[in-house]
Student: 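Shown below is the structure under consideration.
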Amino acid sequence: MSRTLRIDEDGVLRTIDQTLLPFERREIALRSVEDCRRAIVSMQVRGAPLIGAVGAWGLALALRDDPSDAALHEAWRWLLGARPTAVNLRWALDRAMRRVAPLPPAQRAQAARGEAMAICDDDADCNRRIGEHGAALLEALRERLAPNRRAGAPLNLLTHCNAGRIATLDHGTALAPIYLLHQRDVPVHVWVDETRPRNQGASLTAWELAERGVPHTVIVDNAGGLLMRQGRVDAAIVGCDRVAANGDVANKIGTYLKALAARDCGLPFWVACPVSTIDPQAVDGDAVPIEERDAREVTHATGRLADGTIAAVQVVPDGSPVANPGFDVTPARLVGGLVTEHGVFEASAEGVARALAAGLAGTARTAGIAR
């Protein structure tokens, strides 16, 4: 299975148009910095790691056309404004900027292209390791539950939004350990929140899980608490767009409510994220900018009609005001652990600091091998 972001035989950057899923699988070509930014803003490209990778490629494409200092800084600034909440975008742009800024303009485009490719490779490897650490957590949970379960009963997991392979370069974050368990023939079942208003769960997560043959059931966003109380959920695992320095987590709107329900029912609530998602400059969740999105995402819903036509229908009365915050913040106290490529860390200032230190150590080791 190819990566979510790839270079075709003609050297053109291509990715899946996620706004057309699950009814049509079509790739889009990203030939310019404008294409990359437009894809991020329109959510043809979404998922914090994938947004970061496309941002890095956008910078490389901008430098192909104009490698001057002015163009470099303008492209960095313009791309950074595409999505304010996902910190991976800034992380990837800063990484590319550090690589190319010291170079003569004539060398910048090729170096930026190489850095964008490296970011993609690193993300795929990072998410593979997140899957391994997350699978170990889930296997341990399954063993603890085994004495009170019938033989062969699946592990029931709840997830919110989409944190699968199409939100990353490969494997995914929150879905990576689920895919790994499924590959190992461990019985697993996923409750998939629809995730209004854009329905990334119903449209994307369900599509991914079906493609991989993972048993799953789509539920309305507000059903999770009931299922937890009924004992039909064993744990919740979600991705995230930013982790603050104190362990607070910003993720798709509705995540906070799932964490509250999990805490009330005594269930694990884990967040899967690469260390690049940690923002040490954000003291806590209140420092994370919350994107306010277009009201039309709430007033209209897109689906397939009986004749096969894809259409948007209005579901809100004319004239009713709409608020559409794209994300919320789950306080660190509700998070059972941050599942990263370097292991599982406590959602606290101390845990975040250890995760960042592990990330720096891993980067240093990689650099040493490269030399």
Student: Between L137 and H133, is there a side-chain heavy-atom distance shorter than 4.5 Å?
Tutor: no
Student: With the threshold set at 4.0 Å, does a side-chain nitrogen-carboxylate oxygen contact exist between E132 and R128?
Tutor: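 Salt bridge: yes.
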Student: Looking only at non-hydrogen atoms, find the nearest pair between S32 and R64 and report the distance.
Tutor: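 Residues S32 and R64, closest heavy atoms: CA-NH2, 4.3 Å.
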Student: Would you check if there is a donor-acceptor pair between the side chains of H171 and N127 at a distance under 3.5 Å?
Tutor: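 N127 vs H171: no donor-acceptor pair found between side chains.
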Student: Got a salt bridge between D121 and R3, using NZ or NE/NH1/NH2 to carboxylate O under 4.0 Å?
Tutor: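 Salt bridge between D121 and R3, a charged N being under 4.0 Å from a carboxylate O: yes.
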Student: Within the distance-only criterion (no hydrogens, no angle test), does the side chain of H216 pair as donor or acceptor with the backbone N or O of V192 below 3.5 angstrom?
Tutor: no
Student: Hey, quick one: are L338 and W270 part of the same hydrophobic cluster, counting side-chain heavy atoms closer than 4.5 Å, chains of contacts allowed?
Tutor: no
Student: Check side chain to side chain donor-acceptor pair (under 3.5 Å) between H73 and all other residues, then give those that pass, not counting sequence neighbours.
Tutor: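 For H73 there are no side chain to side chain donor-acceptor pair (under 3.5 Å) partners, ignoring immediate neighbours.
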Student: Name the one of T168, T173, D122 that satisfies side-chain contact (heavy atoms from CB on, under 4.5 Å) with P274?
Tutor: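 With P274 as partner, T168, T173, D122 yield a single side-chain contact (heavy atoms from CB on, under 4.5 Å), made by T173.
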Student: Determine yes or no for a side-chain-to-main-chain donor-acceptor pair under 3.5 angstrom, with Q18 supplying the side chain and I166 the backbone.
Tutor: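 Confirmed, Q18 side chain pairs with I166 backbone.
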Student: Less than 4.5 Å apart, any side-chain heavy atom of T340 and any of F345?
Tutor: yes
Student: Considering only heavy atoms from C-beta outward, does the side chain of T159 approach that of L157 to under 4.5 Å?
Tutor: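 SC-SC contact between T159 and L157 ruled out.
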Student: Working to the nearest 0.5 angstrom, can you tell me the gap between E194 CD and Q200 CD?
Tutor: 11.0 Å
Student: Between atom SG of C161 and atom NZ of K258, what is the distance when rounded to the nearest 0.5 Å?
Tutor: 11.0 Å
Student: My understanding is that only one of D170, D123, L89, T4 makes a side-chain contact (heavy atoms from CB on, under 4.5 Å) with P49; could you say which?
Tutor: D123
Student: What are the two closest non-hydrogen atoms of P105 and P67, and how far apart are they?
Tutor: O-CB, 3.1 Å
Student: Rounded to the nearest 0.5 Å, what separates atom CD in Q44 from atom CD1 in I28?
Tutor: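 If we round to the nearest 0.5 Å, Q44:CD and I28:CD1 are 4.0 Å apart.
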Student: Check salt bridge (Lys or Arg N to Asp or Glu O under 4.0 Å) between D8 and all other residues, then give those that pass, not counting sequence neighbours.
Tutor: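 For D8, the residues satisfying salt bridge (Lys or Arg N to Asp or Glu O under 4.0 Å) (neighbours in sequence not counted) are R14.
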Student: Any sub-3.5 Å donor-acceptor pair from S203's side-chain atoms to N199's backbone N or O?
Tutor: yes
Student: Hydrophobic cluster membership, with links at side-chain heavy-atom distances under 4.5 Å among I/L/V/M/F/W/Y: are L257 and V329 in one?
Tutor: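 No: no chain of side-chain contacts under 4.5 Å links L257 to V329.
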Student: Identify the two heavy atoms, one from I290 and one from P325, that lie closest to each other, and give their separation to 0.1 Å.
Tutor: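 That would be CG2-CB, 4.1 Å.
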Student: Looking at every heavy atom in both C36 and W57, which two are closest together, and how far apart are they?
Tutor: SG-C, 4.3 Å
Student: Which residues pass the side chain to side chain donor-acceptor pair (under 3.5 Å) test with Y256, not counting sequence neighbours?
Tutor: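 For Y256, no residue satisfies side chain to side chain donor-acceptor pair (under 3.5 Å) once neighbours in sequence are set aside.
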Student: Can the positive tip of R165 be found less than 6.0 Å from the middle of the six-membered ring of Y179, inside 45° of the ring normal?
Tutor: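 The answer is no; the distance or angle limit is not met.
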Student: Provide the closest heavy-atom pair for P197 versus N324 in the form atom of the first, atom of the second, distance.
Tutor: CG-OD1, 3.6 Å
Student: Donor-acceptor pairs under 3.5 Å, side chain of residues 233-250 to any protein atom, not counting sequence neighbours: which ones?
Tutor:
unit_1 : atom_1 : unit_2 : atom_2 : d
D234   : OD1    : R149   : NH1    : 3.1
D234   : OD2    : R149   : NH1    : 3.4
D234   : OD2    : R149   : NH2    : 3.2
D234   : OD2    : N156   : N      : 2.7
R242   : NE     : T85    : O      : 3.0
R242   : NH1    : D279   : OD2    : 2.8
R242   : NH2    : P84    : O      : 2.9
R242   : NH2    : T85    : O      : 3.2
N246   : OD1    : D248   : N      : 3.1
N246   : ND2    : D248   : OD1    : 3.3
N246   : ND2    : D248   : OD2    : 3.1
D248   : OD1    : A332   : N      : 2.8
D248   : OD2    : G285   : N      : 2.9

Student: Using the test side chain to side chain donor-acceptor pair (under 3.5 Å), find all partners of E291 that sit at least two apart in sequence or belong to another chain.
Tutor: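 Per chain and number, E291 pairs via side chain to side chain donor-acceptor pair (under 3.5 Å) with R83, R293.
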Student: According to a hydrophobic-cluster definition based on side-chain heavy atoms being under 4.5 Å apart (Ile, Leu, Val, Met, Phe, Trp, Tyr only), do I7 and V45 belong together?
Tutor: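 Yes, because I7 and V45 connect within a single hydrophobic cluster, where side-chain heavy atoms sit under 4.5 Å apart.
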Student: For R6, does the CZ atom have more than 12 heavy-atom neighbours from other residues, nucleotides or ligands under 6.0 Å away?
Tutor: yes
Student: Return the CZ to CD1 distance between R46 and I51, rounded to the nearest 0.5 Å.
Tutor: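 Result: 7.5 Å between the selected atoms.
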Student: If hydrophobic clusters are built by linking Ile, Leu, Val, Met, Phe, Trp and Tyr wherever their side-chain heavy atoms come under 4.5 Å apart, do V100 and L13 end up in the same one?
Tutor: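 Yes, V100 and L13 fall within the same hydrophobic cluster.
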Student: Quick check on the hydrophobic clustering: are L30 and M117 connected, directly or via other members, by side-chain heavy-atom contacts under 4.5 Å?
Tutor: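 Shared cluster, yes.
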Student: Got a sec, which residues hit ring-ring contact (aromatic ring centres under 6.0 Å, His included) with H189, two or more places apart in sequence or on another chain?
Tutor: W191
Student: Ignoring hydrogens and geometry beyond distance, is a side-chain donor-acceptor pair present between D193 and T195 at under 3.5 Å?
Tutor: no
Student: What's the verdict on side chain to side chain contact (heavy atoms under 4.5 Å, CB included) for Q183 and L180, showing C-alpha distance, side-chain angles and the deciding distance?
Tutor: CA-CA 5 Å; Q183 290 170 15; L180 199 50; 3.7 Å; yes
Student: Out of the candidates L209, I16, L21, only one should pair with L204 under the side-chain contact (heavy atoms from CB on, under 4.5 Å) rule; please name it.
Tutor: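 That would be L21.
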Student: Considering only heavy atoms from C-beta outward, does the side chain of C126 approach that of I130 to under 4.5 Å?
Tutor: yes
Student: Identify the two heavy atoms, one from G134 and one from V339, that lie closest to each other, and give their separation to 0.1 Å.
Tutor: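 Looking at all heavy atoms of both residues, the closest pair is N-CG1, 3.6 Å.
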Student: Can you tell me if R196 uses its side chain to pair, donor with acceptor, with the backbone of V298 under 3.5 Å?
Tutor: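 Judged by distance alone, yes, a pair lies under 3.5 Å.
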Student: Salt-bridge test for R129 and D125: reply yes if a basic N is under 4.0 Å from a carboxylate O, no otherwise.
Tutor: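 Counted as a salt bridge, because a side-chain N and a carboxylate O are separated by less than 4.0 Å.
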Student: Using 0.5 Å steps for rounding, measure from the CD atom of E211 to the CZ atom of R25.
Tutor: 7.0 Å
Student: Does H342 use its side chain to pair, donor to acceptor, with the backbone of L356 at less than 3.5 Å?
Tutor: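 It does not hold such a pair.
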Student: Could you walk me through whether L155 and L145 pass the side chain to side chain contact (heavy atoms under 4.5 Å, CB included) check?
Tutor: CA-CA 9 Å; L155 193 63; L145 297 174; 4.0 Å; yes
Student: Can you find a heavy atom in the side chain of R77 that is under 4.5 Å from one in the side chain of L80?
Tutor: no
Student: Can you find a pair of side-chain heavy atoms, one from R198 and one from T19, that are under 4.5 Å apart?
Tutor: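 They are in contact (side-chain heavy atoms under 4.5 Å apart), so the answer is yes.
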Student: Please check this pair: side chain of K252 against backbone of N162, looking for a donor-acceptor N/O pair closer than 3.5 Å.
Tutor: no
Student: Between R108 and D69, does any NZ, NE, NH1 or NH2 come within less than 4.0 Å of an OD or OE carboxylate oxygen?
Tutor: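 Judged by the 4.0 Å cut-off on N to carboxylate O distance, D69 and R108 do form a salt bridge.
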Student: Please confirm whether the backbone N or O of A323 pairs with a side-chain atom of E292, one donor and one acceptor, at under 3.5 Å?
Tutor: no
Student: Quick one: CG on L72 to CG on L59, what's the gap to the nearest 0.5 Å?
Tutor: 5.5 Å
Student: With a 4.5 Å limit on heavy-atom distance, are the side chains of L158 and I219 in contact?
Tutor: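 Contact flag for L158/I219 side chains = yes.
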Student: I want to check something: taking the side chain as every heavy atom from C-beta on, are E208 and T205 in contact at a cut-off of under 4.5 Å?
Tutor: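 No; the side chains remain at least 4.5 Å from each other.
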